[in-house]
Amino acid sequence: MTTRTTRRGLLAVSTFAVAIPILAGCQAFGVNEQYGAEYADLGDMEASWDAARVPQLVPDDAKDIRIAYNTIDEGAMLAFTAEGGITADYCEPGAVEGEPAFEPGWWPEGELPGEGFTCGDWIVVQADDRFVVWD
């Protein structure tokens with residue numbers, strides 16, 4: 001019984017020792033891929049593997065949704081249209097502080113409005129007919 005327990009312990013330790021360099025490898029070598037996707041509406045996005053990344057502030061009538069984030073760095077961003085606007089009850093209107101971590105190819109050109117919403121960790125502004133969101 002002692003031999004079996006020792007083998008399990010050694011197996012767990014060796015598996016952990018191999019996994020750490022593999023998991024850290026991309027970051028150690030500076031591999032930071034940018035991910036992006038487009039969805040026709042909220043239903044399509046919620047049916048995708050990006051469903052876990054949908055903040056609650058995205059309204060039910062959201063359409064033409066775009067998402068972008070880096071695979072290692074912090075920061076995610078969304079853009080969408082919504083006739084009803086931002087309807088989340090936890091969003092507070094006010095001055096916008098901070099900037100997105102990076103700029104995907106679809107981000108609005110020019111300066112963003114100085115007023116918008118703070119929705120928890122997310123910032124929301126309306127640029128033309130789209131809402132742009134980042135954390």
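If you're wondering where the values come from, they're calculated on a predicted model, not measured in any experiment.
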Ile67, Val54: one ILVMFWY side-chain cluster at the under-4.5 Å cut-off? yes
Do you know which two heavy atoms are closest between Ala79 and Val132, and how far apart they sit? CB-CG1, 4.0 Å
For the backbone of Arg130 and the side chain of Asp128, can you confirm whether one donor and one acceptor N or O come within less than 3.5 Å of each other? no
Taking all non-hydrogen atoms of both residues into account, name the closest pair between Pro59 and Gly85 and its distance. CG-O, 3.4 Å
The reported gap from NZ in Lys63 to CG in Asp60 (rounded to nearest 0.5 angstrom) is 10.0 Å
Linking I/L/V/M/F/W/Y whenever their side-chain heavy atoms sit closer than 4.5 Å, directly or via other members, would Met77 and Val125 fall into one cluster? yes
Path from Val133 to Ile65 over hydrophobic side-chain contacts below 4.5 Å: yes
Ala82 and Ala62: which non-hydrogen atoms are nearest, and at how many Å? CB-CA, 4.3 Å
Cluster link Trp134 to Tyr90, ILVMFWY, side chain under 4.5 Å: no
Side-chain heavy-atom pair Tyr35, Asn70 within 4.5 angstrom cut-off: no
Please say yes or no: joined through hydrophobic side-chain contacts below 4.5 Å, possibly via intermediate residues, are Leu112 and Trp106 part of one cluster? yes
Could you give me the CA-CA distance, side-chain angles and deciding distance for Glu92 and Phe117, then say whether side-chain contact (heavy atoms from CB on, under 4.5 Å) is met? CA-CA 5 Å; Glu92 299 289 329; Phe117 298 90; over 6 Å; no
Supply the atom-to-atom distance Glu38 CD to Asp50 CG, rounded to the nearest 0.5 angstrom. 12.0 Å
Interatomic distance, Asp61 atom CG to Leu42 atom CG [nearest 0.5 angstrom]: 9.0 Å
Take Val58 and Leu78, measure what side-chain contact (heavy atoms from CB on, under 4.5 Å) needs, and give me the verdict at the end. CA-CA 9 Å; Val58 178; Leu78 297 158; 4.0 Å; yes
If you measure from OH on Tyr69 to CZ on Arg53, what distance do you get to the nearest 0.5 Å? 4.0 Å
Looking at CG of Leu57 and CD1 of Ile86, how far apart are the two atoms once the value is rounded to the nearest 0.5 Å? 5.5 Å
Using 0.5 Å steps for rounding, measure from the CD atom of Gln126 to the CZ atom of Phe131. 4.0 Å
Closest contact, heavy atoms only, Thr87 versus Gly84: CG2-O, 3.7 Å
Heavy-atom side-chain contact between Arg66 and Phe80 under 4.5 Å: no
Does atom CD of Glu46 have more than 12 heavy-atom neighbours from other groups under 6.0 Å away? yes
Answer with yes or no whether the side chains of Tyr39 and Asp64 bring together a donor and an acceptor at under 3.5 Å. no
So do the side chains of Cys91 and Thr118 get within less than 4.5 Å of each other, counting heavy atoms only? no
Locate the shortest heavy-atom distance separating Glu115 from Ala95; write the atom from each residue and the value. OE1-N, 3.6 Å
